[in-house]
Amino acid sequence: MCDDVDHGGRRCPSSTAEGQRRRRAGKRTADADAQLEAFIGATPFRPVSGELMRMSSRPSYYDSEEWTEYDDSLRASAERHGIEIVDAQHAAGLWEGESEPAGAYLVRADDFDQVTAWAGEIAGRYDQDSIMAGYFDEDGRDRVYTFTAGTDSPDSVQQTLDILRDAGAPAGRLYDGKLEIAEPAEYPLPAAAVNVIAARLGADPTFARAHVEFIPGNESYKRHQPIKEIQSLRERYADAHGFPRRQPIPRLTELDDIAAARAYAASPHEPGHPQVARSYRSFRQHIAQQWDMLTDAGYRLEPWHGQSEQPYADSAAMLDDLRQNRHLFYFRTEVSQHTEGALPPDHPMAKTVTVTMPDGQREPMVANDVFRAVHDAIAHSEGHQFGPYGEKRAWWTHRACLPREARLALWCETRGQNCWTNAGPHMTTSTEEGAPRLLQRGEAGWMPVSSRPYAEQKCCRVDGALL
């Protein structure tokens, strides 16, 4: 079965549609029950950061490109580790007497090992001494102190951090009107420090038992580093065709994903519409040229004929094959025609394109096969995994090396389908005010990525603002 979160956007060729539905129904209850809620504190910064120190106010930290890049990387790695971020807030942190901006996150995972693996990757990626991770546990040896504190102005934040520093506390974080201090059993917070903080803030603390660890960094992040040679090929292709350089991906919220899913669902399959046909014609032309570009550069794109459902254990294994061997397996369209989301015979991607094979021969191939290989090589080689967040970023990456007229086709083949799978009606509910929102892990009806249904494969027209 495709039970790896990293394969949530992939078709499992040997699974029938009925088999997939039965498996989802059987797993739903167990998956909802098996979860852990944890907290984590992380930052990409250290006081030696020149950009950080030039900031005149703490809120501007979070508007910097440095912070945006960090937040994107953190969310992408959370998806790789099967972690759902259910709350993320900006925090003012204190570490070994120095203040720094940080993020305070509440996450859900199947077990704490997932959380510590994620924390280790982030700490290594940003050269941190360690990252705090923990969960509340009545039998835990550690404690978390919570004080009421002012966070309504930069001055009140700074005053609270000064109090924390003057009390001799080595670390803490301030957010959402509270000051939190994690106290590992091995390094208890002196009673005098607690009294000083309580007296200065005018509020006694509450505390809760917890399990807290400070996770050192490791080098696992290197498995997901972009392949620079392919980055260069992609940029040169865009330059040669006069496409503008890629802009940072806009901050697309879950409401944007829901809107995209609804637009895809509401639009009919229109392979004969002139706008659709024109977009797919341009799309097929460019992916064929991009296949040839990769082949000319020495990359070998090979159909998967193995007995297992997946050629790679995860996206890191695919990246390693591309990086070390200049080789990539891709799924053939013909073996996924008995699954949900099968390609209709009249779909523009069922047509053939002629491409150059590794031996130099020119041969026709199903356009959908060419796209699967090219998209993985050009877009996912940026380090984007196959789950909802990674697919969103891969769509934006590939968009940068295609003309405007091909964007509709790319949107249908990537973002539209993935948003329906991960933000379609089976994954949404409503707030008390009636606004749509995504289901969260643990709620009735929530499904893990690997159990979500695949979108109908169709070519359609949608509002140009979505593209």
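The first residue in the sequence is number 1, and the count goes up from there.
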Engineer: Roughly how far, to the nearest 0.5 Å, is CD of Q417 from CD of Q457?
Structural biologist: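 One gets 4.5 Å once the value is rounded to the nearest 0.5 Å.
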Engineer: Is it the case that over 12 heavy atoms from other parts of the model lie below 6.0 angstrom from the CZ atom of R404?
Structural biologist: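 12 or below, so no.
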Engineer: For E186, does the CD atom have more than 12 heavy-atom neighbours from other residues, nucleotides or ligands under 6.0 Å away?
Structural biologist: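 More than 12 heavy atoms, drawn from other residues, nucleotides or ligands, come within 6.0 Å of this atom.
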Engineer: Go through L328 and M318 one step at a time and tell me if the side-chain contact (heavy atoms from CB on, under 4.5 Å) criterion holds.
Structural biologist: CA-CA 7 Å; L328 174 74; M318 185 202 76; 3.3 Å; yes
Engineer: Shortest non-hydrogen contact from E456 to Y264?
Structural biologist: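 Answer, listing the atom of E456 first, then Y264: O-OH, 2.5 Å.
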Engineer: Distance check, rounded to the nearest 0.5 Å: L294 atom CG versus L322 atom CG?
Structural biologist: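 Separation between the atoms: 8.5 Å.
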Engineer: With sequence neighbours left out, write down each residue that passes ring pair (Phe, Tyr, Trp, His ring centres under 6.0 Å) with Y389, or none if nothing qualifies.
Structural biologist: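 None.
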Engineer: Where the side chain of E79 meets the backbone of G390, is there a donor-acceptor pair that is under 3.5 Å apart?
Structural biologist: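 It does hold such a pair.
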Engineer: For the pair S315 (side chain) and F386 (backbone), establish whether a donor and an acceptor sit closer than 3.5 Å, ignoring hydrogens and angles.
Structural biologist: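 Between the backbone of F386 and the side chain of S315 there is no qualifying donor-acceptor contact (under 3.5 Å).
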Engineer: Ring pair (Phe, Tyr, Trp, His ring centres under 6.0 Å) with Y70: which residues, sequence neighbours excluded?
Structural biologist: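 Partners of Y70 under the ring pair (Phe, Tyr, Trp, His ring centres under 6.0 Å) test: W67, Y126.
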Engineer: Would a distance-only check, ignoring hydrogens and angles, find a side-chain to backbone donor-acceptor pair under 3.5 Å from N368 to M349?
Structural biologist: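 Not confirmed, N368 side chain does not pair with M349 backbone.
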Engineer: Which pair of non-hydrogen atoms, one from A88 and one from R75, has the smallest distance, and what is that distance?
Structural biologist: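 Shortest heavy-atom contact: CB-NH2, 3.6 Å.
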Engineer: So, R323 side chain and Q225 main chain: donor-acceptor pair closer than 3.5 Å or not?
Structural biologist: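 Here the side-chain-to-backbone pair exists.
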Engineer: Kindly compute the distance separating CD (Q440) from CD (E84), expressed to the nearest 0.5 Å.
Structural biologist: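 One gets 5.5 Å once the value is rounded to the nearest 0.5 Å.
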Engineer: Given side-chain contact (heavy atoms from CB on, under 4.5 Å), test L164 with L174 step by step and report yes or no.
Structural biologist: CA-CA 10 Å; L164 190 61; L174 178 65; over 6 Å; no
Engineer: What's the separation between atom CG in L466 and atom CZ in R415, rounded to the nearest 0.5 Å?
Structural biologist: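 These two atoms lie 8.0 Å from each other.
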Engineer: Any ion pair linking R246 and E382 (charged N to carboxylate O, less than 4.0 Å)?
Structural biologist: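 So E382 pairs with R246 through a salt bridge.
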Engineer: If the threshold is 4.0 Å, N to carboxylate O, is there a salt bridge linking D87 and R108?
Structural biologist: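 Not counted as a salt bridge, because no side-chain N and carboxylate O are separated by less than 4.0 Å.
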Engineer: Run the numbers on W446 and R452 for side-chain contact (heavy atoms from CB on, under 4.5 Å), then give the verdict.
Structural biologist: CA-CA 9 Å; W446 181 88; R452 296 170 192 173; 3.7 Å; yes
Engineer: May I ask you to decide whether R251 forms a salt bridge with D71, counting only side-chain N to carboxylate O separations under 4.0 Å?
Structural biologist: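 Yes, charged N to carboxylate O under 4.0 Å.
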Engineer: Between S77 and H224, is a side-chain hydrogen bond (donor to acceptor under 3.5 Å, both in side chains) present by the stated rule, with each step listed?
Structural biologist: CA-CA 9 Å; S77 63; H224 303 279; over 6 Å; no
Engineer: Give a yes or no on whether a salt bridge exists between R372 and D376, defined as a side-chain N under 4.0 angstrom from a carboxylate O.
Structural biologist: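 Salt bridge absent between R372 and D376.
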Engineer: Check whether any side-chain N or O of T160 sits under 3.5 Å from a backbone N or O of S156 as a donor-acceptor pair, and report yes or no.
Structural biologist: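 Yes, T160 side chain to S156 backbone: donor-acceptor pair under 3.5 Å.
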Engineer: Could you verify whether a donor N or O on one side chain and an acceptor N or O on the other, from H398 and E413, lie under 3.5 Å apart?
Structural biologist: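 Looking only at side-chain atoms, E413 and H398 do not form any donor-acceptor pair under 3.5 Å.
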Engineer: What residues form a side chain to side chain contact (heavy atoms under 4.5 Å, CB included) with S279, not counting sequence neighbours?
Structural biologist: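 Listed in chain order: L408, A409.
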Engineer: List in chain and number order the residues that pass salt bridge (charged side-chain N to carboxylate O under 4.0 Å, His left out) with R326, two or more places apart in sequence or in another chain; answer none if no residue qualifies.
Structural biologist: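 Result, salt bridge (charged side-chain N to carboxylate O under 4.0 Å, His left out) vs R326: E229.
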Engineer: Find out whether Q290 and L402 are in side-chain contact, i.e. whether some heavy atom of one side chain is under 4.5 Å from a heavy atom of the other.
Structural biologist: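 Of all side-chain heavy-atom pairs linking L402 with Q290, at least one is under 4.5 Å.
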Engineer: Quick one, D137 and F112 - any side-chain contact, counting heavy atoms below 4.5 Å?
Structural biologist: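 The answer is no; the side chains never approach within 4.5 Å.
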Engineer: Of all heavy-atom pairs between A400 and A238, which one has the smallest distance, and what is that distance?
Structural biologist: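 Looking at all heavy atoms of both residues, the shortest contact is O-CB, 3.7 Å.
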Engineer: Keeping R234 on the side-chain end and I378 on the backbone end, is there a donor-acceptor pair under 3.5 Å?
Structural biologist: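 Checking the backbone N and O of I378 against the side chain of R234, a donor-acceptor pair under 3.5 Å is found.
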Engineer: Any non-hydrogen side-chain atom of C459 less than 4.5 Å from a side-chain atom of H269?
Structural biologist: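 They are in side-chain contact.
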Engineer: Please name the pair of heavy atoms, one in L467 and one in R407, separated by the smallest distance, quoted to 0.1 Å.
Structural biologist: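 That closest heavy-atom pairing would be O-CD, 4.0 Å.
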Engineer: What is the minimum heavy-atom distance between G120 and I215, and which atoms define it?
Structural biologist: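 Heavy atoms of G120 and I215 come nearest at N-CG2, 3.7 Å.
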Engineer: Which atom names give the shortest non-hydrogen contact between P436 and L255, and what distance separates them?
Structural biologist: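 Result for this residue pair: O-CD2, 3.3 Å.
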Engineer: Please examine the side chains of Q128 and I122, heavy atoms only from C-beta on, and report whether any two atoms are closer than 4.5 Å.
Structural biologist: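 A side-chain contact under 4.5 Å is absent here.
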Engineer: Would you call R437 and E443 a salt bridge, taking side-chain N to carboxylate O under 4.0 Å as the test?
Structural biologist: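 Yes, this pair counts.
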Engineer: If we ignore hydrogens and angles and just use 3.5 Å, is the side chain of W396 paired with the main-chain N or O of Q247 as donor and acceptor?
Structural biologist: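 A pair under 3.5 Å: yes.
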Engineer: Does the side chain of E183 reach to within under 4.5 Å of the side chain of V194, using non-hydrogen atoms?
Structural biologist: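 With C-beta onward as the side chain, the pair stays apart.
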Engineer: Any non-hydrogen side-chain atom of F39 less than 4.5 Å from a side-chain atom of V212?
Structural biologist: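 A side-chain contact exists here, since the closest heavy-atom pair is under 4.5 Å.
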Engineer: When you check the side-chain N and O atoms of T421 and N418, is any donor under 3.5 Å from an acceptor?
Structural biologist: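 There is no such pair (donor and acceptor under 3.5 Å, judged by atom type) between the side chains of T421 and N418.
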Engineer: What residues form a ring pair (Phe, Tyr, Trp, His ring centres under 6.0 Å) with Y299, not counting sequence neighbours?
Structural biologist: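 Checked Y299 against ring pair (Phe, Tyr, Trp, His ring centres under 6.0 Å); zero matches.
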Engineer: Calculate, to the nearest 0.5 Å, the distance between atoms NZ and CG belonging to K392 and N422 respectively.
Structural biologist: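 Between K392 NZ and N422 CG, I get 9.5 Å after rounding to 0.5 Å.
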Engineer: Rounded to the nearest 0.5 Å, what separation is found between the CZ atom of R209 and the CG atom of D142?
Structural biologist: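 Rounded to the nearest 0.5 Å, the CZ-CG separation comes to 8.5 Å.
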Engineer: Do you see a donor-acceptor pair shorter than 3.5 Å between the side chains of Y312 and D321?
Structural biologist: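 Side-chain D/A pair, Y312 to D321: present.
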Engineer: Just so I know, are the side chains of I230 and H380 near enough to count as touching, which here means a heavy-atom distance under 4.5 Å?
Structural biologist: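 A side-chain contact is absent here, since even the closest heavy-atom pair is not under 4.5 Å.
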Engineer: Testing Q114, E121, Q385 for side-chain hydrogen bond (donor to acceptor under 3.5 Å, both in side chains) with H81, which one passes?
Structural biologist: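 That would be E121; it is the only one of Q114, E121, Q385 passing the side-chain hydrogen bond (donor to acceptor under 3.5 Å, both in side chains) with H81.
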Engineer: Apply ring pair (Phe, Tyr, Trp, His ring centres under 6.0 Å) to F283 and list each qualifying residue two or more places apart in sequence or on a separate chain.
Structural biologist: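 Checked F283 against ring pair (Phe, Tyr, Trp, His ring centres under 6.0 Å); matches are F371.
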Engineer: Side-chain contact, heavy-atom cut-off 4.5 Å: L36 with D111?
Structural biologist: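 No, every pair of side-chain atoms sits at 4.5 Å or beyond.
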Engineer: Under the criterion side-chain contact (heavy atoms from CB on, under 4.5 Å), I'd like the reasoning laid out for L319 against R223: C-alpha separation, chi angles, the key distance, then a yes or no.
Structural biologist: CA-CA 7 Å; L319 280 171; R223 301 184 67 213; over 6 Å; no
